[in-house]
Amino acid sequence: MSINRLYVGTNKRSPVPMYYQIMEEIRNKIYSGDYVVGSALAPERELAELYDVSRNTVRQAITELVNEGILIRRQGIGTFVAPPKFEHVLNRLTSFTEDMAQRNMTAGSQTISFEVREPTLVESSSLNIRQSDQVIECVRLRSADGVPMALETTVLVASLCPGLGADDLSDHSSLYTILAERWNIRIDRATQSVEPTLATPYEAELLHVQPEIPMLLMRRIAFDQSGRAAEVTKSIYRGDRYKFVIELRQHA
Ligand code: GLP
């Protein structure tokens, strides 16, 4: 992108720090289409000159935008405009596979671990089962068109889906579809929370991101058509690729 296309809207006399104003400038340039996805940002030196600030100030603005997932830094090559984040609408109860299909993308699933065990106290109370009952714990790496997007740890009530195996859940298979087709368990309602977290080294490696970048931690307890709790899932979504959107109405 050419440096002379920049319109400088920062104000050195403002109480808002310059790095923060520069962040806003760059964000606006991206939203308005002046900076297109995939294009390289001008070198730090040029931006520092343009905004009449130190290179450190420019670097700080860029680092913050990289952490937000708006820019991508490629070591030794430069900084580029990232593709827009996935907007995940939280008003509807959908599966990962459905979310991807709505974006015309193919959902992928790689089973990292699969075990049958007794539930923890929290799981037995969330799933409304006894501590002596069995649960299936499955950790899956979920991808969109082959790009890793989320790491999901799902705990299911074993007696509801007898015979479910690790192989059933790999490649492009959908847990919700399998539950419905094989055991007539239709996920009908769920409670879900979303909170921020930082990528652990393990999550970072699997999801191909830097450790400690912001991530979105989603917890879902899902119930079937007869009100039985069927699933407890903890999902770690890439904070650099996802934003959650909720529609609000004043009168329900
Ligand atoms: C989402 C939910 C999970 C659920 C999964 C099922 O990702 N956060 O709680 O287990 O969808 O997706 P699929 O049917 O594609 O396996």
Side-chain angles (χ1 to χ4, degrees), residues 85-117 119-120 122-123 125-129 135-161 163-197 199 203 206-207 209 215-225 227-246:
K85 292 187 182 187
F86 283 34
E87 291 201 357
H88 182 104
V89 179
L90 292 177
N91 306 51
R92 269 196 66 223
L93 173 52
T94 51
S95 70
F96 187 86
T97 304
E98 286 171 320
D99 289 342
M100 291 310 129
Q102 279 163 12
R103 301 185 163 86
N104 293 322
M105 297 181 103
T106 306
S109 192
Q110 182 194 338
T111 304
I112 308 281
S113 76
F114 186 95
E115 63 167 321
V116 180
R117 57 164 174 80
T120 62
V122 175
E123 288 162 358
S125 107
S126 303
L127 292 167
N128 203 15
I129 53 173
V135 290
I136 296 170
E137 185 200 273
C138 180
V139 180
R140 292 184 296 162
L141 184 63
R142 310 305 307 265
S143 57
D145 283 349
V147 179
M149 287 291 161
L151 184 67
E152 298 203 299
T153 306
T154 298
V155 175
L156 300 159
V157 179
S159 60
L160 293 185
C161 42
L164 178 71
D167 291 349
D168 294 321
L169 295 176
S170 38
D171 298 333
H172 304 296
S173 33
S174 157
L175 171 67
Y176 283 8
T177 305
I178 295 170
L179 290 176
E181 286 177 356
R182 275 219 231 154
W183 298 284
N184 192 31
I185 296 170
R186 293 172 199 282
I187 300 299
D188 177 59
R189 178 174 76 81
T191 55
Q192 187 161 295
S193 63
V194 185
E195 54 192 299
T197 185
E203 291 157 357
L206 287 172
L207 290 163
V209 296
M215 306 292 263
L216 294 153
L217 162 59
M218 211 155 80
R219 292 184 196 275
R220 178 181 290 185
I221 306 177
F223 304 85
D224 72 2
Q225 69 275 30
R228 289 178 303 191
E231 170 210 14
V232 174
T233 292
K234 173 183 133 182
S235 310
I236 305 283
Y237 279 83
R238 283 175 59 168
D240 62 336
R241 298 299 296 115
Y242 263 89
K243 67 164 97 164
F244 291 126
V245 178
I246 308 168

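Whatever order the structure lists ligands and atoms in, that order sets their numbers, starting from 1. Just so it is clear, the structure is predicted and the values come from calculations on it, not from any experiment. Quick note: numbers below take in every heavy atom, side chains included, and nothing from hydrogens, waters or symmetry partners.
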Q: How about Thr154 and Glu152: does a side-chain donor come under 3.5 Å of a side-chain acceptor?
A: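 Per modelled atom types, Thr154 and Glu152 side chains form no pair under 3.5 Å.
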
Q: Under 3.5 Å between any N/O of Ser173 and any N/O of ligand 1: does that happen in this structure?
A: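 Between Ser173 and ligand 1 (N or O atoms, distance only) the closest approach is not under 3.5 Å.
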
Q: Run the salt-bridge test on Lys85 and Asp240 with the 4.0 Å N-O cut-off and return the result as yes or no.
A: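 Salt bridge: no.
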
Q: Please check if any side-chain donor atom of Arg186 sits under 3.5 Å from a side-chain acceptor atom of Gln225, or the reverse.
A: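 Not at all, the side chains of Arg186 and Gln225 share no donor-acceptor pair under 3.5 Å.
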
Q: Can you see which heavy atom on Val135 is nearest to which on Val155, and at what distance?
A: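 Smallest interatomic distance, heavy atoms only, reads CB-CG1, 3.6 Å.
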
Q: Please could you name the atoms of ligand 1 that Thr97 approaches to less than 4.0 Å, counting only its heavy atoms?
A: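 Listed by number with element, the hits are 13 (P), 15 (O).
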
Q: What's the verdict on side-chain hydrogen bond (donor to acceptor under 3.5 Å, both in side chains) for Tyr242 and Glu87, showing C-alpha distance, side-chain angles and the deciding distance?
A: CA-CA 6 Å; Tyr242 263 89; Glu87 291 201 357; over 6 Å; no

Q: Using a 4.0 Å heavy-atom threshold (strictly under), name the region of Thr233 that reaches ligand 1: side chain, backbone, both or neither.
A: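 Under 4.0 Å from ligand 1, Thr233 contributes side-chain atoms alone.
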
Q: Does ligand 1 come near enough to Arg142 that some N or O of the ligand is less than 3.5 Å from an N or O of the residue?
A: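 Such a contact does occur with ligand 1.
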
Q: Going by heavy-atom distance to atom 9 (O) of ligand 1, choose the closest among Glu231, His88, Lys234, His172.
A: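 Looking at heavy atoms only, Glu231 sits closest to atom 9 (O) of ligand 1.
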
Q: Any idea which part of Ser235 is under 4.0 Å from ligand 1, heavy-atom wise: side chain, backbone, both or neither?
A: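 Looking at Ser235 and ligand 1, just side chain atoms fall under 4.0 Å.
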
Q: Pull out every atom of ligand 1 sitting under 4.0 Å from any heavy atom of Glu152, numbered as shown with elements.
A: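 Here the atoms of ligand 1 in question are 1 (C), 2 (C), 3 (C), 5 (C), 7 (O), 8 (N).
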
Q: Just jot down the ligand 1 atoms closer than 4.0 angstrom to any heavy atom of Leu175, in number order.
A: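 Those qualifying, in numeric order: 10 (O), 13 (P), 14 (O), 16 (O).
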
Q: Any nitrogen or oxygen of Met218 lying under 3.5 Å from a nitrogen or oxygen in ligand 1? Just yes or no.
A: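 In this structure, Met218 places no N or O atom under 3.5 Å from an N or O of ligand 1.
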
Q: Under a 4.0 Å heavy-atom limit, does Arg140 contact ligand 1 with its side chain, its backbone, both, or neither?
A: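 It is the side chain that touches ligand 1; the backbone stays farther off.
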
Q: Think Arg189 forms a cation-pi with Phe223, using NZ or CZ under 6.0 Å from the six-ring centre and within 45 degrees of its axis?
A: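 Pair Arg189/Phe223 counts as cation-pi.
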
Q: Does the gap between the ring centers of Phe244 and Tyr237 come in under 6.0 Å?
A: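 Centroid separation for Phe244 and Tyr237: below 6.0 Å.
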
